[in-house]
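A short write-up of the structure that comes next.
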Amino acid sequence: GPLASQILVVFDQKTSGSGAVPCASNIAPLSAVGVDPACTWTAQHTLSVSLGSGATIVPGSILGFIGTTLSSANKVSSHAAASNTTVSRPTFSQAPVLRVVGANEVGSCDTAHITAYADSPRALTFVWGSRTHPALDANLSTEVSSSLSLRGASLEADATYT
């Protein structure tokens, strides 16, 4: 899914699974897929797990499938046993789309408040910097939150910063 926000659990045959199902009855450990994840059978052989906030699962993690009442669609196979699978990397990675909101200009008596936004179910770490002003770059290098404040008095007059 977009921005690594969902995991597709693909089975080797059509199953009896359909519609929305409780993730707690199907996925383990539930905490790895975040708070309030959603599990939906998008096809008879595919369970889509939409990650909740704070998801910690990453490619290489082990995801457990609880099974219990799931069977083959043709009812020939018995109920699925609990099993584990390793989460694979997506075929196509998609970077988050970043929006930066803040003042374009700041006076010497003002403070510019700048905030970065990105849609992601995972916690993001932000890296701030300046390509053109080493002193500002050094000051910003310790900032990791999504917002920062810049005092106009600490900036050069009539300068353009990138």
- Query: What residue pairs, at least two apart or across chains, pass ring pair (Phe, Tyr, Trp, His ring centres under 6.0 Å) with a residue in residues 135-154?
  - Reply: none
- State, yes or no, whether a side-chain contact exists between Val9 and Asn26 at a heavy-atom distance under 4.5 Å. no
- Message: Using the side-chain contact (heavy atoms from CB on, under 4.5 Å) criterion, which residues pair with Asn84? Sequence neighbours excluded.
- Response: Ile62
What side-chain donor-acceptor pairs closer than 3.5 Å can you find for residues 131-143, not counting sequence neighbours?
unit_1	atom_1	unit_2	atom_2	d
Thr132	OG1	Thr162	N	3.3
Asp137	OD1	Ser130	N	3.0
Ser141	OG	Ala138	O	2.8

Report, one line per pair, each donor and acceptor closer than 3.5 Å where one atom sits in a side chain of residues 153-161; sequence neighbours left out.
unit_1	atom_1	unit_2	atom_2	d
Ser154	OG	Arg151	O	2.6
Tyr161	OH	Glu156	N	2.7

- Query: Can you find a pair of side-chain heavy atoms, one from Leu30 and one from Pro37, that are under 4.5 Å apart?
  - Reply: yes
- Any disulfide (SG to SG under 2.5 Å) involving residues 12-47? Give me the pairs, sequence neighbours left out, ordered by first then second residue. Cys23-Cys39
- Item | Within residues 30-49 or reaching into it, pairs that qualify as side-chain hydrogen bond (donor to acceptor under 3.5 Å, both in side chains) - sequence neighbours excluded | none
- Note on the structure: With sequence neighbours left out, the residues meeting side-chain hydrogen bond (donor to acceptor under 3.5 Å, both in side chains) with Ser72 are Asn74
- Indicate yes or no: at least one non-hydrogen side-chain atom of Leu150 is less than 4.5 angstrom from one of Val106. no
- Go through the structure and list residues passing side-chain contact (heavy atoms from CB on, under 4.5 Å) with Ser16, not counting sequence neighbours. Leu70, Ser71, Lys75
- Task: Report the distance from atom CG of Leu63 to atom OG of Ser83, rounding to the nearest 0.5 Å.
- Result: 9.0 Å
- Which pairs with one or both residues in residues 105-117 pass side-chain hydrogen bond (donor to acceptor under 3.5 Å, both in side chains), sequence neighbours excluded? His113-Ser149
- Closest non-hydrogen atom pair between Ser61 and Ile57, with its separation: CB-CG1, 3.5 Å
- Rounded to the nearest 0.5 Å, the CD1 atom of Ile7 sits from the CD1 atom of Ile27 at a distance of 8.0 Å
- Query: By side-chain contact (heavy atoms from CB on, under 4.5 Å), which residues pair with Ala116, not counting sequence neighbours?
  - Reply: Leu98, Val100, Phe126, Trp128
- Can you pull the disulfide (SG to SG under 2.5 Å) pairs that have at least one residue in residues 73-113, sequence neighbours excluded? none
